[in-house]
Amino acid sequence: MQWRQRSYPEDDFLYDVFPPFIGYSNVRIPNRGGWMKMWSHENNGSFISDGTNGDVACDSYHKYTEDIKILKELGVHFYRFSIAWSRIVPTGFVADGINQGGIDYYNNLIDGLLAEGIVPFVTLYHWDLPLGLGRTNSWLNETIVNHFEDYARVVFREFGDRVKLWLTFNEPYEFCRASYNYLEESPFKEPLEKPYVCAHHVIMAHALAYHLYDKEFRPMQQGKIGITLNTNWAGPRDPNSAADLAASSRAMNFTFGWWANPIVRGEYPPIMRELIDRKSAEAGRNSSRLPTFDAEWTELINGTTDFLGLNHYSSHYVEYGNTSTGIEGDAEVRGSGDPSWEQNALGWSIVPWGLRKLLTWLHMEYKLPIYVTENGYGAAASDYLDDQPRVRYYTNYINEMLKAIKLDGADVRGYAAWSLIDNYEWSLGYTARFGVHYLNYSDPNLTRVPKASADKLRQIFADNGFPPNQTFS
Ligand code: GBH
């Protein structure tokens, strides 16, 4: 791509530097055989802020042709969506059979996107676990690793002729720390070690899917496969303090590095190994809460990603701390914000420069291509069409991403906004809105109405950044 020569002062807005791929993340389409729907439906919404369930949500299952149309209008290059495991493998076990109706649905979606020149970017697991696997202890049971591989084989075989960009998992940091709330029947009874056991199995499942793709499908299909991890930028409270810089490094290793290190280098971050082993021994345990990969698995997991996917929403500061519990306690960090930071309706701080710091850190740490697979602004149910706070969020965050690319050399290959349409926001039900299209949930047609942010993104994408002499609000 030809980049226009220009000087780039720090606070300027950049242009002509967009990576080739821009797109939208959206729509986990819940399936009735999956946990998300069952958890919200069977329990009559009792775990959900507004008592609603995910039965209909944005109904992309029936309205996907309309969704392809609005994507086309926005001029995106790609669309990130996930496949519901239970829609393909109803019980979770391939031996019980696969669901042709589910395969037909995703075939129609993929073909419809390609017909409009939109590249499908597909996530295999966005938290919607088949019920059958929930009942056998979900991610705490090592056998899930092979069931995931079986499912991945079906998906690569059925869709890999047309899908060239794959993500195994969405945000394992979130679903491995989820409690009874998210997976009600799963006996997540050992809160202290459960996230580490879950993570261990996710890393193994990821590695099996990677090798399966690499050996059996990539030679013909020629695609790329990675994983999407989420993290805030956890910067040093005082950038001149060695202790705070060390805390920042620990925090990043206990979030992103927890997954990226094993997948890129074959082992957990050394600081995780050291701290969790030590705390486990001090607690009188005869084994560490952080499991170990044996030599064979170390070999298998090492080097199993073509790129890193990043979901990013917010940032905070960290310093040394010994009062936290859980992962933060193990990491010996204490987090804090800054009173000057604006927050969204969910209380997440808006810190655009955090994205630049994070992308630059990822680049220096892992030297891999990066796709920003989610970034966006959560508003309350009262969110409106003239959503100027979201317009500002995207403008400033995208510009900071452009600085990371242009000024710091981060190899960012694509950017996806979350989300195309207002979505069913897990335990927050319909009380939070992330979409650049508005949904009136009592409208039987669920008409997708563009907000100001949709127009803004279309303009940024069309301009390939921010041409000079614009005014910014
Ligand atoms: C993603 O998760 C999910 O992939 C997606 O399904 C969901 O709809 C979307 O984001 C919106 O929530 O308290 O300021 O430190 C987001 C995971 C983790 C992002 C916690 C915000 C806290 C910000 N979130 N994080 S802050």
Side-chain angles (χ1 to χ4, degrees), residues 134 136-145 148 169 171-183 186-208 227 229-232 234 236 242-302 304 316 318-336 365-366:
T136 54
N137 223 356
S138 76
W139 290 101
L140 300 186
N141 180 340
E142 191 181 323
T143 61
I144 197 171
V145 161
F148 183 78
F169 290 97
E171 301 189 355
Y173 185 83
E174 296 306 318
F175 73 79
C176 281
R177 290 181 318 132
S179 63
Y180 300 101
N181 265 358
Y182 272 96
L183 290 169
S186 276
F188 287 168
K189 289 200 174 103
E190 293 185 85
L192 281 177
E193 68 182 81
K194 175 235 150 189
Y196 298 125
V197 174
C198 171
H200 206 67
H201 296 150
V202 167
I203 292 162
M204 290 156 76
H206 166 86
L208 291 187
I227 185 169
L229 306 173
N230 67 300
T231 187
N232 279 13
D244 292 6
L245 286 164
S248 169
S249 165
R250 286 198 303 280
M252 296 313 296
N253 274 295
F254 270 77
T255 52
F256 207 93
W258 182 3
W259 321 87
N261 272 51
I263 286 166
V264 176
R265 303 176 183 135
E267 60 174 21
Y268 288 115
I271 188 70
M272 281 189 89
R273 182 87 273 155
E274 183 191 320
L275 289 176
I276 302 170
D277 284 4
R278 197 186 78 211
K279 286 165 202 285
S280 301
E282 282 167 5
R285 299 177 58 112
N286 51 20
S287 67
S288 175
R289 284 184 283 108
L290 184 67
T292 305
F293 295 108
D294 64 17
E296 200 183 327
W297 273 108
T298 300
E299 172 85 27
L300 266 175
I301 65 173
N302 193 4
T304 53
H316 61 274
V318 286
E319 62 201 303
Y320 171 80
N322 58 6
T323 52
S324 309
T325 54
I327 313 287
E328 285 202 348
D330 281 342
E332 300 183 344
V333 296
R334 200 177 80 84
S336 56
E365 189 72 21
Y366 298 107

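Heavy-atom minimum distance, His201 versus Leu140: CE1-O, 3.3 Å. Between Ser288 and Asp277 the shortest heavy-atom distance is OG-OD1, 2.6 Å. The shortest non-hydrogen separation linking Lys279 to Gly329 is NZ-O, 3.8 Å. Looking at every heavy atom in both residues, Leu300 comes nearest to Ala207 through O-CB, 3.7 Å. Closest of all the heavy-atom pairs between Ala247 and Tyr320 is CB-N, 3.8 Å.
Between Trp258 and Pro172 the shortest side-chain heavy-atom distance does not fall below 4.5 Å. Put simply, the side chain of Phe175 reaches to within 4.5 Å of the side chain of Val202, judged on heavy atoms. Contact annotation: the side chain of Ile263 approaches that of Ile227 to within less than 4.5 Å [non-hydrogen atoms, C-beta and beyond]. For the pair Phe293/His200, a side-chain contact is recorded, criterion being any heavy-atom separation below 4.5 Å from C-beta on. Contact of the Asn261 side chain with the Tyr366 side chain is registered, since non-hydrogen atoms from C-beta on lie closer than 4.5 Å.
Considering only residues two or more places apart in sequence or on other chains, Ser287 meets the side-chain hydrogen bond (donor to acceptor under 3.5 Å, both in side chains) condition with none of them. In terms of the side-chain hydrogen bond (donor to acceptor under 3.5 Å, both in side chains) criterion, Tyr173 has no residue partners (sequence neighbours excluded). By the side-chain hydrogen bond (donor to acceptor under 3.5 Å, both in side chains) test, His316 pairs with Asn232, sequence neighbours left out. Checked against salt bridge (Lys or Arg N to Asp or Glu O under 4.0 Å), Glu365 has the following partners two or more places apart in sequence or in another chain: Arg265. The side-chain hydrogen bond (donor to acceptor under 3.5 Å, both in side chains) search around Glu319 returns Arg334, not counting sequence neighbours. For the salt bridge (Lys or Arg N to Asp or Glu O under 4.0 Å) test, residues two or more places apart in sequence or in another chain that qualify with Asp330 are Arg289.
In this structure, Met272 CE and Arg250 CZ are separated by 13.0 Å, a value rounded to the nearest 0.5 Å. Interatomic distance, CG of Leu229 versus OG1 of Thr255, reported as 9.0 Å (0.5 Å rounding). Summarising the geometry, atom CD belonging to Glu328 is positioned 11.0 Å from atom CZ belonging to Phe254; distances are rounded to the nearest 0.5 Å.
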For this session: I would like to know whether Tyr196 and Ile327 meet side-chain contact (heavy atoms from CB on, under 4.5 Å); could you show each step before the answer?
Result: CA-CA 9 Å; Tyr196 298 125; Ile327 313 287; 3.8 Å; yes
**Request:** Start with the C-alpha distance between Ile301 and His206, add both sets of side-chain angles, then the distance that settles side-chain contact (heavy atoms from CB on, under 4.5 Å), and finish with yes or no.
**Result:** CA-CA 8 Å; Ile301 65 173; His206 166 86; over 6 Å; no
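For the pair Ser280 (side chain) and Ile276 (backbone), a donor-acceptor distance under 3.5 Å is present. Judged purely by atom type and a 3.5 angstrom limit, Asn253 has no side-chain atom pairing as donor or acceptor with the backbone of Pro269.
The 12-atom threshold is exceeded at CD of Glu282, counting heavy atoms of other residues, nucleotides or ligands nearer than 6.0 Å. Surrounding CD of Glu174 are more than 12 heavy atoms belonging to other residues, nucleotides or ligands, all under 6.0 Å away.
Screening Leu275, Asn322, Val318 for a side-chain contact (heavy atoms from CB on, under 4.5 Å) with Glu332, the sole residue that qualifies is Leu275. Test Thr298, Ile203, Thr304, Asn302 against Pro262 for side-chain contact (heavy atoms from CB on, under 4.5 Å) and you get one pass: Ile203.
Two rings, from Phe148 and Phe169, have their centers less than 6.0 Å apart.
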